[in-house]
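Please read the structure below before turning to the comments.
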Amino acid sequence: MKKVLVMFAVLAISFASMNAQENLKWGATLGMNSSNFSSDGFSSKIGFHAGVKAELGLPQIAEGVYLDFGALLSLKGAKVNYGSYDIKYNPCYLEVPVHMGYKYAVNENFAVFGNVGPYLAIGLFGKAKSDGSGVENISENVFDEDGGGMKRFDLGLGLKFGVEFCKKYQVAFGYDWGLIDNADHIDNKNRNLMLSLSYMF
């Protein structure tokens with residue numbers, strides 16, 4: 001399954017590079033994350049995402065259908081309270097979403113869109129931090145066994161919807177569901193709510 005999704009992402013990007021420029025748009029995106037873990041006891045924390053994205057029109061399928069993909073630096077994680085102190089997990093990933101979408105032009109300057117598809121993510125860096133009374137404050141690599149033991153690889157499904165102004169400016173809400181456990185020997189997956197602002201060149 002992992003190999004199939006990786007191949008799909010590579011083929012999508014290769015296909016985009018070979019298509020006519022009028023069907024391919026590039027842009028920059030920046031936004032806020034509200035991330036959490038799926039297990040009970042954790043609460044959400046605020047992070048960010050930033051990177052580049054592209055939209056490849058697929059008129060051969062239907063007018064308005066497009067492929068949405070990109071590369072994002074995304075700070076996720078969660079926090080947990082142990083009474084007198086908190087532990088915050090702050091993993092930062094390189095994330096590659098590959099979504100299929102549909103965009104409907106209400107008029108020349110306004111459109112609505114939605115897209116859905118998988119994402120792949122590789123953990124780059126991040127800290128697990130504790131603070132509070134009655135415990136020594138720590139700051140460890142979140143991907144090390146001593147710092148939380150999170151897995152570097154993540155795979156999930158994303159959903160996004162939003163609006164576009166003047167074929168340039170986009171505001172979108174999205175949600176990512178991690179499909180695999182983010183640590184060994186525990187049923188715990190990444191969850192992430194996103195608000196994104198994008199500019200298409």
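Position 1 is the first residue of the sequence; numbering continues from there. As the structure is a prediction and not an experimental result, all values here were calculated from the model.
- Judged by the 6.0 Å and 45° rule, Lys160 forms no cation-pi pair with Phe173.
- At a threshold of 4.5 Å between non-hydrogen side-chain atoms, the residues Tyr89 and Val80 count as touching.
- Within a 6.0 Å sphere centred on OH of Tyr199, heavy atoms belonging to other residues, nucleotides or ligands number more than 12.
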Tell me, with the steps shown, if Phe110 and Phe165 meet ring-ring contact (aromatic ring centres under 6.0 Å, His included).
-> CA-CA 5 Å; Phe110 182 74; Phe165 304 95; 5.6 Å; yes
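- In this structure, Asp176 and Tyr119 have side chains that are in contact, with non-hydrogen atoms separated by less than 4.5 Å.
- Side chains of Asp187 and Ser39: no donor on one and acceptor on the other come within 3.5 Å.
- Counting only N and O atoms by type, the side chains of Asp181 and Asn188 include no donor and acceptor under 3.5 Å apart.
- Side-chain contact check for Lys189 versus Leu179: every heavy-atom pair is 4.5 Å or farther apart.
- Judged purely by distance below 3.5 Å, without hydrogens or angles, the side chains of Asn115 and His99 pair a donor atom with an acceptor atom.
- Between the side chain of Ser196 and the backbone N or O of Leu30, no donor-acceptor pair lies under 3.5 Å.
- Inspection of the Lys45 and Asn36 side chains reveals no N or O donor paired with an N or O acceptor under 3.5 Å.
- Hydrophobic clustering of Ile, Leu, Val, Met, Phe, Trp and Tyr side chains at less than 4.5 Å, counting indirect connections, keeps Phe69 apart from Leu159.
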